[in-house]
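Values below: every heavy atom of this structure, side chains too, minus hydrogens, waters and symmetry copies.
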Amino acid sequence: MATDPSRPVIELPPQYDPSVVEAPGYQRWLDAEAFTAGRPDRADRPPFSLVIPPPNVTGSLHVGHAFEHVLMDALTRLKRMQQYDVLWLPGMDHAGIATQNAVERALAKEGLSRHDLGREAFVERVWKWKAEYGGQILGQMRRLGDGVDWSRERFTMDEGLSRAVRTVFKQLFDQDLIYRAERIINWCPRDRTALSDIEVDHREIEGELVTIQYGPLTVATTRAETMLGDTAVAVHPDDERYRHLIGTMVPLPLTGREIPVVADEHVDPAFGTGAVKVTPAHDPNDFEIGQRHGLPSITVLDELGNVTAHGPFQGLDRFEARPAVVEALRAEGLIVAEKRPYLHSVGHCSRCGTVVEPRLSLQWFVRVNPLAKRAGDAVRAGETDFVPPEMAARYFSWVDNMHDWCVSRQLWWGHRIPVWYGPDGETVVPGPDEEPPAGPGWVQDEDVLDTWFSSALWPASTLGWPDVTPDFERYYPTSVLITGYDIIFFWVARMMMFCTFIAPKVPFRQVMVHGLVRDSRGRKMSKSAGNGIDPLELIDSYGTDAVRWTLARAANPGTDVPLSEEWVQGSRNFVNKLWNATRFALMNGADPALPLDEAGLSVADRWILGRLSEVTAEVDALYNAFEFGKACDALFHFARDELFDWYVELAKVPLRGEQADADRTRAVLGRCLDTVLRLLHPIVPFVTDELWRSLNGFTDDTQTLALAQWPADIGLRDPAAVAEMTRLQELVAELRRFRTQQGIASRRKLGAVLLAGDEATEAFAARWSPQLASLADLTIDVGSAAPDGWETLTAAGMSVALDLLGSIDVDAERARITRALAAAAKEIAETSGKLNNQGFLAKAPENVVAKIRARHEAAVSDQDLLNERLRRLG
RNA sequence: GGGCGAUUAGCUCAGGGGGAGAGCGCUUCCCUGACACGGAAGAGGUCGUAGGUUCAAAUCCUACAUCGCCCACCA
């Protein structure tokens with residue numbers, strides 16, 4: 001049974017070149033419609049769906065995206081091979097504030113601001129930006145090999161998704177879950193918009209605490225300028241020091257106003273002076289105190305952070321006003337304690353880094369309590385699982401302690417709030433398909449919604465919600481969400497809130513949480529730190545598969561992933577190894593289609609097929625548990641250490657031997673490689689598809705691993721074959737070690753006689769002597785006694801006589817020893833220049849001395865050994 | 001202030017009551033007809049510290065130290 005002669009012979013070059021394989025490979029998948037969900041041939045298969053965490057249209061994909069995409073792609077490729085009807089839905093996020101900032105920066109280079117263009121022209125400009133950068137991202141996804149269904153691509157500002165936003169807004173409004181109110185919100189004076197709590201980063205800042213005299217009381221503050229807006233001083237109701245002052249008025253310096261002293265539980269008597277200035281318009285706590293005591297709120301800072309209060313400070317920036325106010329107070333002798341440094345946490349805009357100003361402002365809020373309760377309960381009830389489970393704690397810590405969500409943004413790019421205000425103070429929220437009220441005096445709210453408002457609907461809106469489309473019915477809820485732990489609050493929790501509100505099913509059954517990509521020293525990658533790696537540059541240098549393999553191999557659920565270029569090189573090497581092992585198999589006629597005669601298998605065949613079975617089962621389980629790193633590890637070691645290093649080497653003997661042995665080996669090798677390529681395909685899709693097609697002699701473009709069957713455990717296990725292989729490996733290792741220790745060049749054949757003592761060893765010797773000869777570079781005989789003068793080595797139950805003296809090139813060995821002695825002596829001289837009477841240096845780092853001494857001793861003992869042998873030789 | 005996690009070979013990390021592992025790096029030899037993006041043989045760790053449980057602890061418990069991360073309305 002020789003290889004089918006009509007089969008095309010495919011020759012591979014000795015090095016894998018990703019640049020000629022990847023682009024045609026991706027096109028082949030597209031042409032085969034491999035990534036299209038709902039293929040007619042899978043109509044009766046179960047669906048498996050996931051949505052991409054939509055990247056921002058700003059900029060391009062970074063290495064974190066690459067990592068996330070590799071995980072999603074590996075998972076969907078696995079499921080596709082398992083013959084699910086897979087939907088991986090791609091798309092992008094309009095990323096309101098980030099995109100608006102980016103476009104504004106571009107405009108600034110032309111000397112323009114968004115106000116020069118006006119709202120309509122500016123928004124048009126952003127759409128143009130989106131067309132340009134969005135296209136760039138899509139190209140990058142192709143390079144990564146992402147098997148997404150391009151026919152279902154979505155954008156958060158698509159008409160359909162915008163309608164979903166209006167629909168949910170209307171529903172929330174009608175159920176009193178969204179409301180407009182004047183509240184303290186986080187205000188970014190640079191971006192001039194409100195921010196939600198999680199868009200604020202808290203950083204420890206060294207501030208200055210000053211203590212100010214308010215009549216009979218003193219108060220401490222780090223934000224002196226806000227005192228212009230104080231409307232009370234608060235003390236603890238039980239504080240004996242101040243009880244007599246409660247209800248009295250105290251003078252507010254610099255303003256000529258008087259403010260009341262109020263009692264409030266919030267005040268900690270042990271902190272500072274025990275008396276707190278109350279600025280309801282510029283501090284969330286103070287606002288609460290103000291509400292409790294009916295205090296007025298006086299706004300003293302405008303939207304730029306400039307002082308609005310009348311007087312000498314008017315128009316000053318808040319950071320100019322701060323020292324100015326302190327100076328003015330000092331001039332009046334009202335600074336009772338000097339400034340002292342004080343470490344406290346200050347909010348910064350997560351987008352631009354500006355210090356956030358708490359500010360009283362009229363905004364729209366989502367009443368999150370009922371929504372968050374349901375979102376938390378869904379996870380508690382097991383409707384959605386977190387992987388790894390510890391990550392659920394982060395989720396709960398948020399949904400269980402959430403404040404109302406400020407969703408209005410004073411931006412132009414985003415979903416405009418679907419609310420109209422009438423001439424007589426009416427507030428109307430029309431249905432998503434209704435005409436808004438028109439006529440004199442009617443205006444739409446100027447603001448847009450937080451970008452996460454539409455993201456929260458993503459799994460439902462991309463599938464057609466609010467319409468019950470065929471896609472929505474088939475693919476919702478999605479099977480799994482893959483995202484980073486940094487995004488649980490922003491996105492996962494909000495999707496759970498909104499989707500359980502509208503659907504009312506959970507948006508996904510599982511959340512697989514991955515870590516962040518870090519550099520080789522564990523530091524977070526960022527452009528500013530200069531340690532960022534562009535995944536596309538790595539791909540250009542080493543190929544997509546090498547980059548994917550590097551990331552996947554380090555992927556343990558929930559933990560961070562280090563990345564450095566040299567590890568990608570290592571991956572590239574493995575990919576190339578895979579290429580060459582397959583190349584060898586092809587050159588030797590391996591073919592998965594050859595029949596496998598189980599009865600005629602050799603020990604080596606039964607060993608490798610058994611191991612193949614085990615690894616198939618192991619990898620299957622690991623993939624399903626999202627243990628990509630461990631799956632890669634198992635495959636790496638099986639492929640390299642067992643299949644390539646041992647089976648392929650052993651196969652060289654039968655492949656060059658009898659026809660029947662050769663054909664049997666071709667069948668086994670073909671089968672093993674075919675299976676390994678399938679198992680590797682989810683991680684390294686390009687090279688495996690190319691090799692698999694070559695190995696199987698496929699030339700038809702529709703034949704692709706992307707749609708091939710996932711391998712099943714063929715159920716072969718052969719402990720006896722494993723035991724015998726282990727024995728062989730030990731013997732070979734011992735022979736090689738012996739050779740190295742004796743300094744016999746590996747090119748030189750070492751004469752050997754396998755000493756068969758009994759029937760079992762005789763059989764072993766007869767079976768393996770050709771392979772032993774090839775693996776350990778021996779010329780080999782089987783006998784019962786060691787020839788005179790030969791040395792005997794015993795390992796793994798076999799005794800082998802070795803013709804050591806006949807194998808040594810005396811002149812070469814003598815030269816080698818002389819060289820070693822000279823090198824050691826030179827090293828000694830270079831290290832200290834002084835030798836003690838034993839020939840070793842007296843003073844040098846101990847490890848250096850030890851190293852040199854060892855080398856010197858080794859050379860001396862080699863010399864002794866050689867002399868001894870020469871003497872015996874006569 | 002609260003919570004979570006980490007501490008294992010030079011670096012980055014797996015492992016998890018009974019033989020101390022991987023990748024990369026390092027040393028020596030070898031360009032042998034799949035592959036030098038390769039092969040072979042090696043060196044290297046008292047698994048953070050101190051106690052405890054156990055026949056047995058890198059692994060479980062307690063405390064401590066150090067380092068991360070997250071949350072929080074600390075004037």
ask   = What nucleotide among B/G23, B/C35, B/G42 has an atom nearest to a side-chain atom of A/R737?
value = B/G42
message = Could you work out, with side chain to side chain contact (heavy atoms under 4.5 Å, CB included) as the rule, every residue matching A/V20, not counting sequence neighbours?
response = A/D17
query = Roughly how far apart, to the nearest Å, are B/U53 and B/G2 at atom P?
reply = 30 Å
Any N/O pairs under 3.5 Å between the protein and nucleotides 13-20 of chain B? List them or say none.
{"from": "B/G15", "atom 1": "OP1", "to": "A/K630", "atom 2": "NZ", "distance (Å)": "3.3"}

query = For A/V278, which contact category applies under a 4.0 Å heavy-atom criterion: base, sugar-phosphate, or nothing?
reply = nothing
ask   = In whole Å, what separates the C1' atom of B/A40 from that of B/C35?
value = 15 Å
ask   = Between A/K277 (NZ) and B/A75 (P), how many Å, whole number?
value = 11 Å
task = Could you list the residues that satisfy side chain to side chain contact (heavy atoms under 4.5 Å, CB included) with A/A625, not counting sequence neighbours?
result = A/E627
query = Is the NZ or CZ atom of A/R553 positioned over A/F628's six-membered ring, under 6.0 angstrom from the centre and within 45° of the axis?
reply = no
key: Distance, P atom - from B/C61 to B/G18, rounded to whole angstrom   = 15 Å
message = Rounding to an integer number of angstrom, what distance separates B/U7 and B/C60 when you compare their P atoms?
response = 11 Å
inquiry  = Tell me the interatomic distance from A/D777, atom CG, to B/C30, atom P, rounded to whole angstroms.
reply    = 14 Å
key: Presence of A/K652 side-chain N/O under 4.0 Å of B/G33 phosphate oxygens OP1/OP2   = no
ask   = Can you name the residues that form a ring pair (Phe, Tyr, Trp, His ring centres under 6.0 Å) with A/H293, not counting sequence neighbours?
value = none
query = So does A/R640 get a side-chain nitrogen or oxygen closer than 4.0 Å to the phosphate oxygens (OP1/OP2) of B/C35?
reply = no
query = Nearest of B/A75, B/G38, B/C35 to any side-chain atom of A/N573?
reply = B/G38
query = Over how many whole Å does the gap from A/D268 atom CG to B/C74 atom C1' extend?
reply = 8 Å
Cation over ring face, A/K630 and A/Y623, 6.0 Å, 45° = no
message = Taking only the C1' atom of each, what is the distance from B/A75 to B/G5 in whole angstrom?
response = 33 Å
task = Looking only at side-chain atoms of A/A581, point me to the closest of B/A41, B/G39, B/A34.
result = B/A34
message = Between P on B/C35 and CG on A/L673, what's the gap in Å once rounded to a whole number?
response = 16 Å
query = CD of A/E730 versus P of B/A41: gap in Å, rounded?
reply = 13 Å
inquiry  = Rounding to an integer number of Å, can you tell me how far A/F396 CZ sits from B/C71 P?
reply    = 17 Å
A/W567 CH2 to B/C37 P, straight-line distance once rounded to whole Å = 22 Å
task = May I ask you to decide whether A/R640 forms a salt bridge with A/D645, counting only side-chain N to carboxylate O separations under 4.0 Å?
result = no
query = Any idea which of B/A34, B/C37, B/A41 is nearest the A/T740 side chain?
reply = B/A41
query = Between A/K277 and A/D286, is the closest basic N to carboxylate O distance under 4.0 Å?
reply = no
A/N576, nearest nucleotide to its side chain (from B/G23, B/A40, B/C37) = B/C37
query = Who are the ring pair (Phe, Tyr, Trp, His ring centres under 6.0 Å) partners of A/Y16, not counting sequence neighbours?
reply = A/W579
inquiry  = Give me the distance, rounded to whole Å, that separates B/A43 from B/G1 when you measure between the P atoms they each carry.
reply    = 49 Å
Pair A/R322 + A/E225: basic N to acidic O under 4.0 Å = yes
query = Where does RNA chain B form stems of at least three consecutive Watson-Crick or G-U wobble pairs, each pair having both distances below 3.5 Å?
reply = B:1-7 with B:65-71, B:10-13 with B:21-24, B:26-30 with B:38-42, B:48-52 with B:60-64
message = Regarding B/A41, can its base be found pairing with the side chain of A/E734 as donor and acceptor, where the two atoms are less than 3.5 Å apart?
response = no
request  = Assess whether one donor atom and one acceptor atom, taken from the side chain of A/R572 and the base of B/C37, lie less than 3.5 Å apart.
outcome  = yes
Pairing residues for A/F287 by the ring pair (Phe, Tyr, Trp, His ring centres under 6.0 Å) criterion, not counting sequence neighbours = none
ask   = Hey, does the side chain of A/N580 come within less than 4.0 Å of B/C37's phosphate (OP1/OP2), counting only N and O?
value = no
request  = Looking at every strand, decide which applies to A/H637 at a 4.0 Å heavy-atom threshold: base, sugar-phosphate, or nothing.
outcome  = sugar-phosphate
key: Non-neighbouring partners of A/E565 that pass side chain to side chain contact (heavy atoms under 4.5 Å, CB included), sequence neighbours left out   = A/L538, A/Y542, A/Q569
Closest-nucleotide 5' rank along RNA chain B - winner of A/A275 and A/E390 = A/E390
task = Report the distance from atom CD of A/E208 to atom C1' of B/C74, rounded to the nearest whole Å.
result = 18 Å
key: All ring pair (Phe, Tyr, Trp, His ring centres under 6.0 Å) counterparts of A/F489, not counting sequence neighbours   = A/W398
request  = Considering only atom C1', compute the distance from B/G44 to B/G38 and round it to an integer number of Å.
outcome  = 24 Å
5' priority, RNA chain B, between A/A733 and A/E649 [closest heavy atom] = A/E649
request  = Using the C1' atom on both, measure B/C64 against B/G25 and round to a whole Å.
outcome  = 34 Å
message = Please classify the nucleic acid contact of A/A234 as base, sugar-phosphate, or nothing, using heavy-atom distances under 4.0 Å.
response = nothing
inquiry  = Nearest to the side chain of A/F489, heavy atoms from C-beta on, is which of B/C71, B/A75, B/A41?
reply    = B/C71
